[in-house]
Amino acid sequence: MNVIDSKNPESRHPRTASPVTRTLRTVTDLLEAGLVTPAQAPALDQVAQQYATAIPPAFASLIESPDDPIGRQVIPDAAECTVDPTEDPDPIGDDALSPVPGIVHRYADRALLKPLLVCPLYCRFCFRREHVGPGGGVLDDAALGRALDWLRTHTDIHEVVMTGGDPLMLSPRRMRAIMTALEGMAHIHTIRIHSRVPVADPERLNDEMADALETTRSMWLVAHVNHARELTPAARAAIRRVQARAIPVLGQSVLLRGVNDTPEALEALLRAQVAARIRPYYLHQLDPAPGTARFHVPIREGQRLLASLRGRVTGIAWPTYVLDIPGGHGKVPIAPGYLHEGPDGYLRVEAPDGTIHRLARERG
Ligand SMILES: *Cc1c(COP(=O)(O)O)cnc(C)c1O
Ligand code: SF4
């Protein structure tokens with residue numbers, strides 16, 4: 001557990017506490033685990049008034065020091081109480097797009113279904129941090145019924161994107177019931193589940209849960225992974241249980257300061273996904289949720305990071321870098337641009353090595 005790498009400056013604060021055997025939820029839990037100091041406790045009590053904390057044992061065991069790429073994602077910080085004027089409690093405008101509780105509808109052919117607001121861990125940078133938490137609850141039978149009715153009567157919806165909270169925190173029985181209801185809707189041909197469980201609490205994604213995901217529909221799992229070290233043997237085994245049921249697994253990551261914002265860390269993250277047969281799907285620009293400024297990486301820097309990997313990293317590891325436009329206007333790709341118009345009106349294209357080439361057939 002206490003992996004101490006003398007060459008790694010991040011290991012300056014070796015952990016001395018005993019191995020974590022249950023989910024850490026309170027400031028006292030964090031103190032006992034050696035993840036925070038007594039001096040930090042009063043400020044963290046303040047944070048706890050607003051935001052939930054949970055660090056499951058599998059994730060806690062990966063933390064080598066509180067400020068390492070794993071610890072930063074889940075250990076609360078006094079900075080969360082400082083709200084920047086550019087931040088918004090509903091950064092991507094979901095609230096205005098919810099026709100009934102548990103449904104968010106922004107795009108013509110697909111809708112979000114949020115059956116619960118509980119997560120296996122609480123990411124300190126979460127864009128839904130004002131909503132998620134153990135008190136956020138589960139849609140009760142009546143509310144879930146109304147959400148499913150909405151999907152049943154909206155026949156232009158072809159894809160249901162299950163998110164939350166984290167859908168894999170449902171019981172397998174409830175998951176099965178939702179799958180059965182969706183299978184009864186002829187217009188739904190694709191179901192997608194976004195989840196942090198494969199890396200946060202892989203044992204939860206056991207055979208019983210994987211069986212519950214089996215459906216006649218085109219089913220996809222999108223695993224939220226932000227650092228190569230999250231893809232432990234246990235996480236990879238959980239992902240294999242899903243893949244064994246003919247469910248493809250995609251990856252989504254958030255570009256985060258101090259977690260994956262170096263060429264080395266980003267390359268390792270993308271390669272670790274491909275090694276686990278996960279196809280990187282999205283690299284998200286951080287949404288400006290309250291108290292998350294310490295994770296912000298400017299878009300221009302994100303573009304430079306990706307450009308530095310172009311040509312070096314296999315194309316199947318290449319995610320789409322996306323921004324969810326604040327205010328509810330949707331997601332757009334913000335990858336580095338390779339095409340520019342030259343003074344003669346012909347397009348120029350930049351090669352991975354930085355050389356510029358005129359395209360003789362492409363007048364702008
Ligand atoms: C992100 C999102 C989706 C899914 O978008 P894709 O680009 O298809 O992954 C659907 N609905 C809402 C409201 C979203 O925010
Ligand atoms: S798992 Fe997703 S919804 Fe839950 S805290 Fe993390 S980012 Fe937010």
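Note that ligands are numbered from 1 as they come in the structure, with each ligand's atoms numbered from 1 the same way. When reading the values below, keep in mind they use all heavy atoms of this one structure, side chains included, and skip hydrogens, waters and symmetry mates.
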Novice: Report the part of His105 (side chain from C-beta onward, or backbone N, CA, C, O) that has a heavy atom under 4.0 Å from ligand 1; answer both or neither where that applies.
Specialist: neither
Novice: Taking side chain as C-beta onward, heavy atoms only, is Phe59 less than 4.5 Å from Arg196?
Specialist: yes
Novice: Give yes if a backbone or side-chain nitrogen or oxygen of Arg110 is under 3.5 Å from a nitrogen or oxygen of ligand 1, and no if not.
Specialist: yes
Novice: Starting from atom 11 (N) of ligand 1, what is the nearest protein heavy atom, named by residue and atom, and what distance separates them?
Specialist: Leu112 CD2, 3.4 Å
Novice: Here's a test for you: under side-chain contact (heavy atoms from CB on, under 4.5 Å), which of Thr23, Leu205, Val197 qualifies with Pro120?
Specialist: Val197
Novice: Provide the number and element of each atom of ligand 1 under 4.0 Å from a heavy atom of Tyr282.
Specialist: 6 (P), 7 (O), 9 (O)
Novice: Not counting sequence neighbours, which residues clear salt bridge (charged side-chain N to carboxylate O under 4.0 Å, His left out) with Asp201? List them please.
Specialist: Arg204
Novice: Can you confirm, on distance only, whether ligand 1 has an N/O atom lying under 3.5 Å from any N/O atom belonging to Tyr107?
Specialist: no
Novice: Heavy-atom pairs closer than 4.0 Å: do any link ligand 1 to the side chain of His194, the backbone, both, or neither?
Specialist: neither
Novice: Within 45 degrees of the axis of the six-membered ring of Trp318 and under 6.0 Å from its centre: does Arg310 put its NZ or CZ there?
Specialist: yes
Novice: In ligand 1, which numbered atoms sit nearer than 4.0 Å to a non-hydrogen atom of Val104?
Specialist: 13 (C)
Novice: Output, by chain and residue number, all protein N/O/S atoms separated from atom 4 (Fe) of ligand 2 by less than 2.8 Å.
Specialist: Cys119 SG
Novice: Could you go through Gln285 and Asp324, starting from their C-alpha distance and side-chain angles, then the distance that decides it, and tell me whether this counts as side chain to side chain contact (heavy atoms under 4.5 Å, CB included)?
Specialist: CA-CA 8 Å; Gln285 177 68 12; Asp324 214 319; over 6 Å; no
Novice: Report, in ascending order of atom number, the atoms of ligand 1 lying under 4.0 Å from any heavy atom of Lys331.
Specialist: 1 (C), 2 (C), 3 (C), 5 (O), 14 (C), 15 (O)
Novice: Look at ligand 1 and say whether Arg192 reaches it with a heavy atom at a distance under 4.0 Å.
Specialist: yes
Novice: State whether the number of non-hydrogen atoms from other residues, nucleotides or ligands found under 6.0 Å of Arg358 atom CZ is greater than 12.
Specialist: yes
Novice: Under the criterion salt bridge (charged side-chain N to carboxylate O under 4.0 Å, His left out), I'd like the reasoning laid out for Arg124 against Asp77: C-alpha separation, chi angles, the key distance, then a yes or no.
Specialist: CA-CA 8 Å; Arg124 308 325 296 178; Asp77 189 291; over 6 Å; no
Novice: Side chain, backbone, both or neither: which applies to Glu159 and ligand 1 if a contact is any heavy-atom pair less than 4.0 Å apart?
Specialist: neither
Novice: Please round to the nearest 0.5 Å and tell me the distance separating atom CG of Leu231 and atom CD1 of Ile278.
Specialist: 5.0 Å
Novice: Can you find a pair of side-chain heavy atoms, one from Ile188 and one from Glu183, that are under 4.5 Å apart?
Specialist: no
Novice: Does the plane of the ring in His189 sit parallel, tilted or perpendicular to the ring in His158? Use 30° and 60° as the thresholds.
Specialist: parallel
Novice: Considering only the protein, which heavy-atom contact is closest to atom 9 (O) of ligand 1, and what is its distance?
Specialist: Tyr281 OH, 2.6 Å
Novice: Going by the angle between their ring planes, with limits at 30° and 60°, are Tyr282 and His284 parallel, tilted or perpendicular?
Specialist: perpendicular
